[in-house]
Chemist: 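Dropping a structure here in structure tokens format, bear with me for questions.
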Amino acid sequence: MSAPAPSPLAIVDAEPLPRQDEVLTDAALAFVAELHRRFTPRRDELLARRGERRTEIARTSTLDFLPETEAVRADDTWKVAPAPAALDDRRVEITGPTDRKMTINALNSGAKVWLADFEDASAPTWENVITGQLNLIDAYTRNIDFTDPKSGKSYALKPAEELATVVTRPRGWHLNERHLQLDGTPVPGALVDFGLYFFHNAQRLIDLGKGPYFYLPKTESHLEARLWNDIFVFAQDYVGIPQGTVRATVLIETITAAYEMEEILHELRDHASGLNAGRWDYLFSIVKNFRDGGSKFVLPDRNLVTMTAPFMRAYTELLVRTCHKRGAHAIGGMAAFIPSRRDAEVNKVAFEKVKADKDREAGDGFDGSWVAHPDLVPIAMASFDAVLGDRPNQKDRLREDVSVAAGDLIAIDTLDAKPSYDGLRNAVAVGIRYIEAWLRGMGAVAIFNLMEDAATAEISRSQIWQWINADVVFENGEHATADLARKVAAEELAAIRAEIGDDAFESGKWQQAHDLLLQVSLDQDYADFLTLPAYEQLG
């Protein structure tokens, strides 16, 4: 008697979408179901391990390089696989969600790479998850165009040789996709995003001279990188493409991963193409992990923590040295500025800051960097062109002058800056505005001339939480308390209502966003990720 057929994936509580059957084919769903069966148990174990590690950090208030992987770090003979031609020059990368207009504009932007984002720049509504996949399929088959209903402006793809190479970012391991379930258990969002994209596009991308390339977010350990590597090996065999076709760039955006950069590259060495230096998520991770560590771990206002802060400098220089030692690309951080069409002076100041930031990264040895807006591509490009010239990268710059001790990465108290009352107001203002847009399905939001994503909200609410729990006293003499946060949030909500009018206020999700920000900022039981309770409220 033959074995019973495995259960199929069920689509749960999701309104049918136009053309969803092109993404949710039986064959694609069978692949995602197999990924879920094979790999979700290990995902669950690794999430539990994160909690155990956090408990250990709470006990010791320190981190160190792992003694058990000393041999990996000491072995100078291993390197990651050589970069494929499509990923050898990454001097400017643009990031953004996979809506139709962004897909065309990002591919046409002149950047070398587009980070097509199903993660922090995308609120994971069912519509965003599925139509994002469709938009990428349509882009690769050149069946994509867009006409803006407001302006009437039309958008279409440039010739293939002028388009950015796509590197897709699936959701982090902590998020589930509630609309796809197997026997009543939700499939991890990471496996949904990876699985659907890989299944439909791997061979198509190979035929275009590229490949299935990924950014891996929120990684906390080399064991999580090992899980991804095993997924890649299985997936390539499943669809019948050569091993090593997949390439992955890992975001070093958690403080624990910063201590395991070499091990992460080693686990992924047949599929690794680089590491990226995050910022807001990295600071969020420091607060989250060291929130019991006392005053020496209290961060000042987020905008005062620049990449030149000693502990951030240690992190970025270690990343460049680690990548180049192992033949991998080192990709720099985000230029989040959004140019203003109304204020030339704002633009001038911001462009100068972006140029200085990208000049520093190129000078430090990075092989490329991120921007959030097409107008910033030429600025970042000029910074890297000045250093690279005709070379695709500077991986030959080994940065052997860099020496980073374990304590350097968490030397938060080397900063002179202190939390300010204006910093609290800004955290509340940005947090409410971002969460409101996220609850309406928008993950990338322009706020106060900056492109903000979910990492923004995480650092905002984490700083409010940390300052209250550390009993910070601001420069105006006020103590950071829950009551003060509530007062500032009420004032901010009233200011938003006055600014946009009653009708727009009532038709938005402003009160809901206000309440959720206070919930995750004031609860004594610190939520691991804001997006977990927020997802429960997402339409």
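Along the sequence shown, the residues carry numbers beginning at 1.
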Chemist: If we ignore hydrogens and angles and just use 3.5 Å, is the side chain of Ser285 paired with the main-chain N or O of Asp281 as donor and acceptor?
Modeler: no

Chemist: In terms of the angle between their ring planes, are Phe290 and Phe297 parallel, tilted or perpendicular, with boundaries placed at 30° and 60°?
Modeler: parallel

Chemist: Provide the closest heavy-atom pair for Glu436 versus Ala513 in the form atom of the first, atom of the second, distance.
Modeler: N-CB, 3.4 Å

Chemist: Are the side chain of His479 and the backbone N or O of Val473 linked by a donor-acceptor pair below 3.5 Å?
Modeler: no

Chemist: Say whether, by atom type as modelled, one donor and one acceptor occur between the side chain of Ser369 and the main chain of Gly333 under 3.5 angstrom.
Modeler: yes

Chemist: Looking only at atom types and distance, does a side-chain atom of Ser462 sit under 3.5 Å from a main-chain N or O of Ile459, one as donor and one as acceptor?
Modeler: no

Chemist: I'd like to know if Asp44 and Arg42 make a salt bridge, using a cut-off of under 4.0 Å between side-chain N and carboxylate O.
Modeler: no

Chemist: Using 4.0 Å as the upper bound for N to carboxylate O, is an ion pair formed by Lys288 and Glu458?
Modeler: no

Chemist: So does Arg53 pair up with Glu260, basic N to acidic O under 4.0 Å?
Modeler: yes

Chemist: Does atom CG of Asp416 have more than 12 heavy-atom neighbours, drawn from other residues, nucleotides or ligands, at distances under 6.0 Å?
Modeler: no

Chemist: Does the pair Arg399/Glu317 count as a salt bridge with the N-to-O cut at 4.0 Å?
Modeler: yes

Chemist: Less than 4.0 angstrom from a charged side-chain N to a carboxylate O is my criterion; do Asp483 and Arg486 meet it?
Modeler: yes

Chemist: Should Arg49 and Glu45 count as an ion pair when the cut-off is N to O under 4.0 Å?
Modeler: no

Chemist: Is there a donor-acceptor pair closer than 3.5 Å between any side-chain N or O of Asn276 and the backbone N or O of Gly332?
Modeler: yes

Chemist: Is it the case that atom CD in Glu15 sees more than 12 heavy atoms from other parts of the structure closer than 6.0 Å?
Modeler: no

Chemist: For the backbone of Gly443 and the side chain of Ser122, can you confirm whether one donor and one acceptor N or O come within less than 3.5 Å of each other?
Modeler: no

Chemist: Is a salt bridge present between Glu224 and Arg43, judged by a nitrogen-to-oxygen distance below 4.0 Å?
Modeler: no

Chemist: Does atom CG of Asp13 have more than 12 heavy-atom neighbours, drawn from other residues, nucleotides or ligands, at distances under 6.0 Å?
Modeler: no

Chemist: Hey, does the Lys NZ or Arg CZ of Lys358 hover above the aromatic six-ring of Phe366, less than 6.0 Å from the centre and inside 45° of the axis?
Modeler: no

Chemist: Using a cut-off of 6.0 Å, state whether more than 12 heavy atoms not belonging to Asp401 lie near its atom CG.
Modeler: yes

Chemist: With under 30° as parallel and over 60° as perpendicular, where do the rings of Phe214 and Tyr197 fit, or are they tilted in between?
Modeler: perpendicular

Chemist: How close do Leu530 and Arg461 get, counting heavy atoms only, and between which atoms?
Modeler: N-NH2, 3.4 Å

Chemist: Does Lys348 pair with Glu352 as a salt bridge, N-O distance under 4.0 Å?
Modeler: yes

Chemist: Pairs in or reaching into residues 448-476: which pass ring-ring contact (aromatic ring centres under 6.0 Å, His included), with residues at least two apart or in two chains?
Modeler: Trp465-Tyr526, Trp467-Phe474

Chemist: May I ask you to check if Arg302 and Trp280 form a cation-pi contact, with NZ or CZ under 6.0 angstrom from the six-membered ring centre and within 45° of the axis?
Modeler: yes

Chemist: Mark yes or no for whether Tyr315, through its side chain, and Ile252, through its backbone, hold a donor-acceptor pair below 3.5 Å.
Modeler: yes

Chemist: Any chance you could lay out the side-chain hydrogen bond (donor to acceptor under 3.5 Å, both in side chains) test for Asp515 and Gln511, step after step, and finish with the verdict?
Modeler: CA-CA 6 Å; Asp515 295 350; Gln511 186 67 49; 3.0 Å; yes

Chemist: Taking 4.0 angstrom as the limit, do Asp120 and Arg169 come out as a salt bridge?
Modeler: no

Chemist: Please check this pair: side chain of Gln133 against backbone of Asp193, looking for a donor-acceptor N/O pair closer than 3.5 Å.
Modeler: yes

Chemist: Tell me the closest heavy-atom pair linking Ile500 and Ala504, and the distance in Å.
Modeler: O-CB, 3.5 Å

Chemist: Strictly distance-based, threshold 3.5 Å: is any side-chain N or O of Thr69 a donor or acceptor partner for the main-chain N or O of Val72?
Modeler: no

Chemist: How close do Leu319 and Ala330 get, heavy atom to heavy atom, and via which atoms?
Modeler: CD2-CB, 3.8 Å

Chemist: Please determine which of Phe39, Trp228, Phe194 meets the ring pair (Phe, Tyr, Trp, His ring centres under 6.0 Å) test together with Trp173.
Modeler: Trp228

Chemist: For Ala489 and Leu518, which heavy atoms make the closest approach, and how far apart are they?
Modeler: CB-CD2, 4.0 Å

Chemist: Do the charged groups of Asp367 and Arg90 touch, with an N to O distance under 4.0 Å?
Modeler: no

Chemist: Just by distance, do the side chain of Asn135 and the backbone of Thr131 share a donor-acceptor pair under 3.5 Å?
Modeler: yes

Chemist: Less than 4.0 angstrom from a charged side-chain N to a carboxylate O is my criterion; do Arg433 and Glu452 meet it?
Modeler: no

Chemist: Check this for me, if you would: do Asp292 and Arg54 make a salt bridge, where the nitrogen-to-carboxylate-oxygen distance has to be below 4.0 angstrom?
Modeler: yes

Chemist: Could you tell me whether the side chains of Thr308 and Thr306 share a donor-acceptor contact shorter than 3.5 Å?
Modeler: yes

Chemist: Please assess Gln512 against Gln537 for the test side-chain contact (heavy atoms from CB on, under 4.5 Å), listing each intermediate value before the final yes or no.
Modeler: CA-CA 9 Å; Gln512 198 176 338; Gln537 301 182 28; 3.0 Å; yes

Chemist: For the residue pair Ser383 and Asp359, confirm or rule out a side-chain donor-acceptor distance under 3.5 Å.
Modeler: yes

